[in-house]
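Report on one structure; see the data block that follows.
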Amino acid sequence: MNIAQHVERAAKFFPDKPAILFEGAVLTYRDLNARIDRLANALAANGVGRGQCVALYMPNIPAFAICYLATVRIGAVALAVNSMYKSEELNYILNDSGSSLIFTTGELLPNIPLAECPTVKRVIVCEGAPQGHPTLDGWLEKASDRRALADMDPNDPAVLLYTSGTTGFPKGATLSHGNVVSNAWATVHHAGFTRDDRMILFLPAFHVFGQNFIMNATFLSCASLVLHRRFAPEPVLESIRRDRVTMFF
């Protein structure tokens, strides 16, 4: 079992189908799966393995899905961090989780307190100025394209989500591969997702609802994800019309 099997399956049966529509660009399931494999191999080649925590600190961009699924594909644990957090909040979560690598953007890079987070060995910039750090495109260009998919036990940890911490420090809640796969299957069944649907995602992907109920369930049903960085009324309404969105929540 592995969460990332849903994209591999979609790429096998519907390779040319749009997986992600984002700001005028289309990423097919073939391309999405290939990028996930390449990044999974790059992570493994750079010493990231099963059980290690990889932080994702970025807005809703296609790189989020690629980094998330590449991480779980090799058996590492994906930690989705609130992209509105600043240095103090990041300091706590990166150290508490023991994250060994963080994917981010050039815009958010100044918020990462690297000097205070000794477990973080690498920073990979997915968008914007890299400021001396490796880039996601650079890693993908150099990586092997061989199939990469770890066979995980349903109880193996896959995702780490931190609570809001309204009454104290945030606490990490671990979701297993079995948790996420079961959640996605239940969503597809009960909400009636089909491969002809187009789901819009403007809710934060770092939150469990956007991540599981929308993103993972969309890929499981071989539907298309219409992705927005954030909610802005006019662009979202225009996207619903232009991109023929069939479901949104």
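Hydrogens, waters and symmetry mates play no part in the numbers below; they use all other heavy atoms, side chains included.
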(message) Before you tell me yes or no, could you show the steps for Leu101 and Val120 under side chain to side chain contact (heavy atoms under 4.5 Å, CB included), namely the whole-Å CA-CA distance, both residues' side-chain angles and the distance that decides it to 0.1 Å?
(response) CA-CA 5 Å; Leu101 182 148; Val120 178; 6.0 Å; no
No-hydrogen, no-angle side-chain donor-acceptor test under 3.5 Å, [X] and [Y]:
X	Y	value
His177	Asp153	no
Asn111	Ser87	no
Asn33	Arg147	no
Asn2	Arg73	no
Asp96	Tyr162	yes

Say you draw a straight line from [atom1] of [X] to [atom2] of [Y]; how long is it, rounded to the nearest 0.5 Å?
X	Y	atom1	atom2	value
Leu220	Thr187	CG	OG1	9.0 Å
Leu203	His228	CG	NE2	11.5 Å
Glu8	Tyr29	CD	OH	13.5 Å

(message) Would the distance check show the side chain of Asn60 and the main-chain N or O of Leu227 forming a donor-acceptor pair, the cut-off being under 3.5 Å?
(response)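 Pair absent, no side-chain N/O of Asn60 close to backbone of Leu227.
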(message) I'd like to know if the side chain of Asp37 reaches the main chain of Ala148, judged simply by a donor and an acceptor atom lying under 3.5 Å from each other, with no hydrogens or angles considered.
(response) yes
(message) I'd like to check Ile102 versus Leu94 (side-chain heavy atoms, cut-off strictly below 4.5 Å). Are they in contact?
(response)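 Of all side-chain heavy-atom pairs linking Leu94 with Ile102, at least one is under 4.5 Å.
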(message) Just so I know, are the side chains of Ile20 and Val26 near enough to count as touching, which here means a heavy-atom distance under 4.5 Å?
(response) no
(message) Could you check whether Tyr92 and Phe169 have their ring centres less than 6.0 Å apart?
(response)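 Yes.
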(request) Report the residues that fulfil salt bridge (charged side-chain N to carboxylate O under 4.0 Å, His left out) with Arg30, sequence neighbours left out, ordered by chain and then residue number. (result)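 For Arg30 the salt bridge (charged side-chain N to carboxylate O under 4.0 Å, His left out) partners, ignoring immediate neighbours, are Asp16.
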